Every structure is written in C-alpha cells, then in structure tokens.
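Since this is a predicted model, take the numbers as computed values, not measurements.
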Amino acid sequence: MVINEALIWNLLTEVPDPEVPAINVVELGVVRSVEIKQEAVCITITPTYTGCPAMKTIEQDIIQRLKEAQIIDIEIKTILTPAWTTDWIKEEAREKLRVYGIAPPEHSSADKNSILGKTKTINCPLCGSRDTIMQSQFGSTACKALYKCKSCLEPFDYFKCI
C-alpha cells in the first residue's frame with residue numbers, strides 16, 4: 001500500500017469525535033496537519049481547549065484507525081498554538097450538529113456576550129424557534145451550554161463559541 005497524505009486525511013475522516021460522534025475529528029478542526037516521511041506518519045492535533053478530556057481518546061482512536069489500515073509508524077503531536085476556535089468547525093459539521101440535536105456555534109469566536117452579561121438567543125436545533133433560554137453555562141460537556149426551547153419545550157445543548 002502506498003501511504004500518501006490524501007489516504008491519511010481520508011482515514012482521519014473515519015475517526016468520530018468521542019463526545020459528538022455525529023462529526024469526525026477533521027470536521028471538528030482538531031487535526032492541523034499530516035506529514036509523511038517514507039513510512040512514518042506524523043499527525044498534528046490541537047485540543048478544543050486546554051485540558052479537554054477527549055484528547056487522549058482522540059489520539060488513541062486515530063492510532064487505532066491507522067493501524068487498522070496497516071500503518072504502524074505513527075506519531076501524534078499536540079500543539080496548543082494557534083489555539084483552536086469554533087471557527088475551525090467545518091460548515092458541513094455545523095449542519096450535522098444541528099441534525100444531531102446540538103445547536104452549532106453561531107457566528108464567529110468573537111462572541112463576548114457571556115463576558116458582558118448579555119443573554120444570547122440561539123435557534124432550537126429541534127424546531128428552529130429562536131424563543132429559547134439558557135438554563136446553564138455548561139451542558140453535557142464543558143464546551144456546550146444547556147438551553148431550553150420555549151416553543152417545543154425541549155432542552156438542547158449549544159456548542160459555545162470559543
């Protein structure tokens with residue numbers, strides 16, 4: 001088998017985010033680069049935030065997927081700069097999040113509403129209503145906030161802008 005960058009990127013699209021399995025690690029934007037030197041593969045990743053508990057699982061899942069493809073010489077490098085932002089989430093992943101029931105991050109990472117004490121209005125991913133209210137700054141994971149839709153009465157996670 002010939003190892004090339006396109007093959008590796010394709011294999012990486014088969015590695016789901018362990019916390020949001022509806023999207024993969026490439027769509028999430030944590031994979032920064034792929035380098036190949038002869039048979040050795042080096043993949044550089046950036047955590048969604050410092051101390052993200054899913055990063056070790058992501059590393060292990062990447063290694064496992066590449067080994068399943070008979071790629072043995074693998075190095076995973078983690079870099080913290082530039083810091084990951086929700087701007088790195090690919091557009092198709094934002095729609096997948098919505099279909100999965102998670103409101104995707106709106107606009108850019110420059111949202112300062114929480115710092116200024118302003119309430120953010122988020123579209124309900126289930127019915128589309130903007131008549132929603134934040135219940136908690138933290139949802140099922142630290143990178144999500146818990147909202148409730150006043151129209152359909154369903155709770156939902158919102159992937160916070162970082």
Side-chain angles (χ1 to χ4, degrees), residues 3-37 39-69 71-118 120 122-123 125 134-147 155-162:
I3 298 173
N4 62 46
E5 197 173 322
L7 169 69
I8 302 302
W9 280 105
N10 190 46
L11 291 170
L12 291 171
T13 64
E14 297 172 7
V15 178
D17 174 16
E19 293 180 335
V20 185
I23 61 175
N24 65 59
V25 294
V26 174
E27 294 171 322
L28 183 59
V30 299
V31 179
R32 305 305 314 146
S33 66
V34 170
E35 295 175 63
I36 300 171
K37 293 181 183 169
E39 298 296 311
V41 175
C42 178
I43 297 168
T44 302
I45 59 176
T46 298
T48 53
Y49 63 92
T50 305
C52 174
M55 292 311 291
K56 191 64 181 171
T57 300
I58 289 173
E59 281 184 44
Q60 293 169 344
D61 291 349
I62 288 172
I63 290 169
Q64 178 183 344
R65 181 62 194 107
L66 295 182
K67 285 186 174 179
E68 289 170 356
I71 299 166
I72 305 301
D73 194 354
I74 307 160
E75 177 186 4
I76 306 289
K77 265 194 316 193
T78 300
I79 60 169
L80 301 177
T81 57
W84 180 90
T85 84
T86 46
D87 294 341
W88 294 1
I89 298 174
K90 299 196 181 310
E91 280 305 312
E92 63 269 19
R94 293 172 189 266
E95 178 59 16
K96 287 180 180 179
L97 287 171
R98 190 194 61 72
V99 169
Y100 192 66
I102 298 172
E106 292 190 338
H107 310 298
S108 77
S109 58
D111 178 25
K112 296 180 177 62
N113 281 337
S114 63
I115 295 170
L116 302 173
K118 294 181 180 176
K120 186 172 186 120
I122 304 297
N123 280 8
M134 185 172 66
Q135 299 290 293
S136 171
Q137 277 287 353
F138 298 99
S140 60
T141 63
C143 57
K144 296 179 221 135
L146 179 63
Y147 274 73
F156 64 91
D157 275 335
Y158 166 62
F159 207 119
K160 294 186 264 188
C161 290
I162 299 176

Margin query: I want to check something: taking the side chain as every heavy atom from C-beta on, are Thr78 and Glu59 in contact at a cut-off of under 4.5 Å?
Written below: yes
Worked check of side-chain hydrogen bond (donor to acceptor under 3.5 Å, both in side chains) between Glu68 and Gln64: CA-CA 6 Å; Glu68 289 170 356; Gln64 178 183 344; 3.1 Å; yes
Notebook entry, point to check: Is the Lys NZ or Arg CZ of Arg32 less than 6.0 Å from the centre of Trp84's six-membered ring, within 45° of the axis?
Noted result: no
Can Glu95 and Glu92 be said to form a side chain to side chain contact (heavy atoms under 4.5 Å, CB included), step by step? CA-CA 5 Å; Glu95 178 59 16; Glu92 63 269 19; 5.9 Å; no
In short, salt bridge (charged side-chain N to carboxylate O under 4.0 Å, His left out) pairs touching residues 9-22 with sequence neighbours left out are Glu14-Arg65
Taken in chain and number order and not counting sequence neighbours, the residues that satisfy side chain to side chain donor-acceptor pair (under 3.5 Å) with Lys96 are Glu27
| message | Given 3.5 Å as the limit, does a donor-acceptor pair link the side chain of Thr85 with the main chain of Asp87, or not? | response | yes
Nearest heavy-atom approach of Tyr49 to Cys143 is CE2-CB, 4.4 Å
Q) When you look at Leu28 and Asn24, which way does the side chain to side chain contact (heavy atoms under 4.5 Å, CB included) test go after all the steps? A) CA-CA 6 Å; Leu28 183 59; Asn24 65 59; over 6 Å; no
Within the structure provided, determine whether Glu5 and Ile36 are in side-chain contact (heavy-atom separation under 4.5 Å). yes
Tell me whether Lys144 forms a cation-pi arrangement with Phe156, defined as NZ or CZ under 6.0 Å from the six-membered ring centre and within 45 degrees of its axis.
no
Practice task
Would you indicate whether the side-chain heavy atoms of Trp9 and Val34 approach each other to under 4.5 Å?
Solution key: yes
inquiry  = With a 3.5 Å distance limit and no angle check, can you tell me whether Tyr147 reaches the backbone of Ser136 through a side-chain donor-acceptor pair?
reply    = no
One should read off an interatomic distance between Ile8 CD1 and Glu35 CD, to the nearest 0.5 angstrom, of 12.5 Å
Problem set entry | Side-chain touch Thr86/Phe159, heavy atoms, less than 4.5 angstrom | yes
Open item on the list: Test your reading of the model: is there a side-chain donor-acceptor pair from Lys160 to the backbone of Gln137, 3.5 Å cut-off?
Closed with: yes
(Q) In the structure I gave you, are the side-chain heavy atoms of Glu106 and Asn123 within less than 4.5 Å of one another anywhere? (A) yes
Applying side chain to side chain donor-acceptor pair (under 3.5 Å) to Thr13 and not counting sequence neighbours gives none
Check the pair Val15, Val25 against side chain to side chain contact (heavy atoms under 4.5 Å, CB included), reporting the backbone distance first and the verdict last. CA-CA 6 Å; Val15 178; Val25 294; 3.9 Å; yes
query: Is any side-chain heavy atom of Val30 less than 4.5 Å from a side-chain heavy atom of Pro47?
result: no
(message) Set out, in order, the CA-CA distance, both residues' side-chain angles and the distance that settles side chain to side chain contact (heavy atoms under 4.5 Å, CB included) for Lys77 and Cys42, then state yes or no.
(response) CA-CA 7 Å; Lys77 265 194 316 193; Cys42 178; 3.7 Å; yes
Can you find a heavy atom in the side chain of Pro125 that is under 4.5 Å from one in the side chain of Leu97? no
